[in-house]
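Structure, as structure tokens:
In what follows, every chain begins at residue 1, and chains take the letters A, B, ... in the order their sequences are listed. Keep in mind that the numbers below use all heavy atoms, side chains included, and drop hydrogens, waters and symmetry copies.
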Protein chains: 2
Amino acid sequence: MPSGPGAKLTDVAALARVSVGTVSNVLNRPDQVSFDKRTRVLAAIEELGFVRNESARSLRSGSTRSLGMLVLDVRNPFFTDVALGAENVAEDHKHSLILANSAEDAGREQAYLDLFEQQRVQGVLITPFGQVLQRLERMRDRGIPSVLVDRLASTDQFCSVSVDDVAGGATALDHLVSVGSVRPAFVGGPFTLQQVEDRYRGAADAAARAGVPLQLFETPDLKFERGRRIGDLMSNLQSDKRPDAVFAANDQLALGLLQSFAANGLRVPEDVAIVGFDDIDFASQSSIPLTSISQPRQLIGERAAQLLFDEIDDEPGHVHSQVVFTPELVARQSTLRR
Amino acid sequence: MPSGPGAKLTDVAALARVSVGTVSNVLNRPDQVSFDKRTRVLAAIEELGFVRNESARSLRSGSTRSLGMLVLDVRNPFFTDVALGAENVAEDHKHSLILANSAEDAGREQAYLDLFEQQRVQGVLITPFGQVLQRLERMRDRGIPSVLVDRLASTDQFCSVSVDDVAGGATALDHLVSVGSVRPAFVGGPFTLQQVEDRYRGAADAAARAGVPLQLFETPDLKFERGRRIGDLMSNLQSDKRPDAVFAANDQLALGLLQSFAANGLRVPEDVAIVGFDDIDFASQSSIPLTSISQPRQLIGERAAQLLFDEIDDEPGHVHSQVVFTPELVARQSTLRR
DNA sequence: AAACCGTCTTGAATCGATTCATTCAAGAAC
DNA sequence: GTTCTTGAATGAATCGATTCAAGACGGTTT
């Protein structure tokens with residue numbers, strides 16, 4: 001019968017009639033302890049229901065076993081997929097991942113970075129929202145490195161893992177033109193998000209090359225509901241003014257548009273074709289499956305975590321690297337009439 | 001210019017020419033410190049870039065400022081919404097929420113509970129997967145209480161926040177019958193998940209009352225891909241054997257079914273009507289919007305966190321309570337022909 | 001001037017696991 | 001029989017913030 005709360009290392013040592021050092025060794029370097037003492041200690045641990053106090057452990061040893069991850073929006077499946085990839089790598093390194101949500105709010109972002117510093121996490125994976133690069137540099141100088149996720153590092157001060165959003169934007173627009181669009185539009189915002197900016201720029205360049213105009217619908221966020229509203233707005237335009245194809249800055253927006261068009265009696269893709277970005281699972285699961293620009297979501301998380309562990313383990317000799325994946329078009333029904 | 005890594009409390013005290021106790025007071029009870037010392041201390045903190053060491057803090061004070069939350073599947077938007085609600089309440093209490101993902105794996109579930117114990121979290125929010133109730137009781141006896149989320153506590157040993165899944169199941173089936181189904185089916189599993197079991201039972205009872213048979217398609221999980229496969233399987237049935245309506249145990253399954261039916265040329269709802277469960281955002285955003293049984297997702301998370309804080313704060317006099325929300329039908333196009 | 005009071009401030013003791021220099025035992029080498 | 005070597009075990013010192021009993025200070029009252 002395990003007993004009450006709060007057995008500590010010394011209690012275990014007393015019960016097993018060994019020193020505290022030996023108990024600690026059983027916990028951390030079990031092969032350096034003789035068989036019979038080891039078994040005695042393990043039995044004592046079991047009997048007392050001893051659970052090691054992580055605070056004491058990391059205070060003394062000076063290092064925690066955790067990473068912090070700060071994403072723009074936990075409700076966006078893109079980010080939970082990235083987080084999943086990162087979590088798997090963290091687990092391999094026997095670290096845990098603390099997942100936090102800045103919710104596109106600069107204040108929350110700062111608050112969570114405070115928290116990560118206080119907790120002395122070993123490193124941070126972050127999709128930045130506000131102006132945090134300076135702060136991240138400072139943290140790195142104090143021993144908490146970070147890796148930028150889904151965002152190319154504009155300096156050589158950080159590792160980053162991202163996709164080539166400009167190329168992705170161009171791919172999307174080329175595709176729309178190739179299925180016959182002559183009045184394409186871009187929907188997305190805010191343009192302070194680098195991802196949005198880049199996707200737009202890629203699309204705008206491609207449109208210029210193709211000799212078609214690109215209409216712009218700027219939005220304050222990238223949520224479903226926003227897509228719905230923009231969709232309603234477009235649906236009310238005269239058909240010769242209405243875009244015949246839309247490139248949305250992410251899939252949530254795109255799905256909102258899709259639903260709005262369906263509700264307003266517009267046919268997709270005949271009246272309006274749609275391309276999204278991210279290729280979240282729900283894109284293909286939608287009953288008019290959505291054409292999207294696919295990012296290797298889990299892989300992004302995995303690589304980011306690997307780079308972070310490189311920097312953590314290897315502090316002095318570490319060279320920052322920028323991993324850039326090329327996103328791929330996945331053409332589905334929302335742009336392809338059958 | 002903030003200096004190097006690792007300024008500690010004593011450094012701050014030295015620079016501000018006060019004692020460590022005073023610095024600690026500035027941090028924790030600022031109103032008990034005179035104005036000029038307080039400003040001196042704050043200036044020193046600023047100058048040194050001091051960040052308090054949470055490990056040391058919680059070792060000495062004996063308490064952390066964090067909750068653990070363990071969900072079945074972070075990739076399911078239902079759970080991220082619940083987590084969001086919980087996180088907001090945690091934030092109000094100046095606690096942070098450590099979000100972890102058991103991924104419907106009993107081993108991971110145990111591992112994360114180990115972690116939470118070692119970290120001495122103040123409490124745990126959990127959607128149990130394996131047999132963990134005994135363990136949770138033991139943890140509570142040692143001072144780490146937990147609240148069951150999306151799962152009715154079968155004992156009076158815990159607080160819980162859930163919805164009435166039996167009623168929800170009945171509502172779903174009644175609705176299908178009311179729109180004309182005579183050959184409804186239930187899709188879901190594993191039945192070791194209480195939620196699945198209850199939703200099925202409610203539906204089965206309702207079917208019996210209505211005098212229709214209820215076909216059962218049992219699944220090993222509740223993911224999209226599974227729904228797609230079951231959908232393909234159903235689509236290949238002869239039309240007089242094929243269910244004319246499906247109640248899926250959650251929305252991800254339902255959306256998989258929806259997509260499969262569309263791909264196989266079955267019309268929804270004319271050939272097959274579909275009801276899901278959870279009413280995640282993507283349910284309504286699907287281009288044939290999905291009828292679903294709605295749960296107050298964020299509210300579930302909020303109430304669960306509130307109950308947990310009640311128990312944390314109020315340890316001796318705490319009475320466990322079961323909050324049960326009644327889920328609501330949200331009828332959309334997947335069951336209503338226009 | 002002594003006694004008293006409330007408000008600030010002080011600093012040594014403390015939380016619990018880890019570390020590491022030191023001790024010990026037993027076998028190997030000479 | 002003595003000295004070395006090796007592997008295991010020991011336990012006091014340590015990590016950094018918090019706590020709290022005790023002290024300092026300034027002002028009031030008697």
Tell me: [atom1] of [X] to [atom2] of [N], nearest whole Å?
X     : N      : atom1 : atom2 : answer
B:Q32 : C:dT9  : CD    : C1'   : 11 Å
B:R38 : C:dT9  : CZ    : C1'   : 14 Å
B:L27 : D:dT19 : CG    : P     : 11 Å
B:N28 : D:dT19 : CG    : C1'   : 10 Å

Please determine, for the side chain of [X], which listed nucleotide ([options]) has the closest atom?
X     : options                : value
B:F50 : D:dA17, C:dT9, C:dT19  : D:dA17
A:N53 : C:dA17, C:dT9, D:dT10  : C:dA17
B:L9  : D:dA17, D:dT19, C:dT18 : D:dA17
B:S19 : C:dT18, C:dG16, C:dG11 : C:dG11
B:V20 : C:dT10, D:dT18, D:dA17 : D:dT18
B:T22 : C:dT10, D:dT18, C:dT18 : C:dT10
B:S34 : C:dA17, C:dC8, D:dT18  : C:dC8

>> On DNA chain C, compare the nucleotides closest to B:V18 and B:A56; which residue's is nearer the 5' end?
In response: B:V18
>> Please compare B:D31 and A:L59 by the position of their nearest nucleotide in DNA chain C and report the one closer to 5'.
In response: B:D31
> Does a sphere of radius 6.0 Å around CZ in A:R52 hold more than 12 heavy atoms from other residues, nucleotides or ligands, not counting ones at 6.0 Å or beyond?
Replying inline: yes
>> Show, in sequence, the C-alpha distance, side-chain angles and deciding distance for B:E91 and A:R108, and conclude whether the salt bridge (charged side-chain N to carboxylate O under 4.0 Å, His left out) test is met.
In response: CA-CA 10 Å; B:E91 202 184 356; A:R108 287 178 68 113; 3.3 Å; yes
>> I'd like to know if A:R60 reaches the base of D:dT14 with its side chain, counting only an N/O donor and acceptor under 3.5 Å.
In response: yes
>> With side-chain hydrogen bond (donor to acceptor under 3.5 Å, both in side chains) as the criterion, how do B:Q157 and B:R140 come out once you've worked through the C-alpha distance, each side chain's angles and the decisive distance to 0.1 Å?
In response: CA-CA 9 Å; B:Q157 297 292 302; B:R140 188 212 40 222; 3.3 Å; yes
> Taking it one step at a time, do B:R135 and B:E109 satisfy salt bridge (charged side-chain N to carboxylate O under 4.0 Å, His left out)?
Replying inline: CA-CA 11 Å; B:R135 171 163 194 184; B:E109 185 174 45; over 6 Å; no
> For B:D150, which of B:R297, B:Q194, B:Q195 qualifies under side-chain hydrogen bond (donor to acceptor under 3.5 Å, both in side chains)?
Replying inline: B:Q195
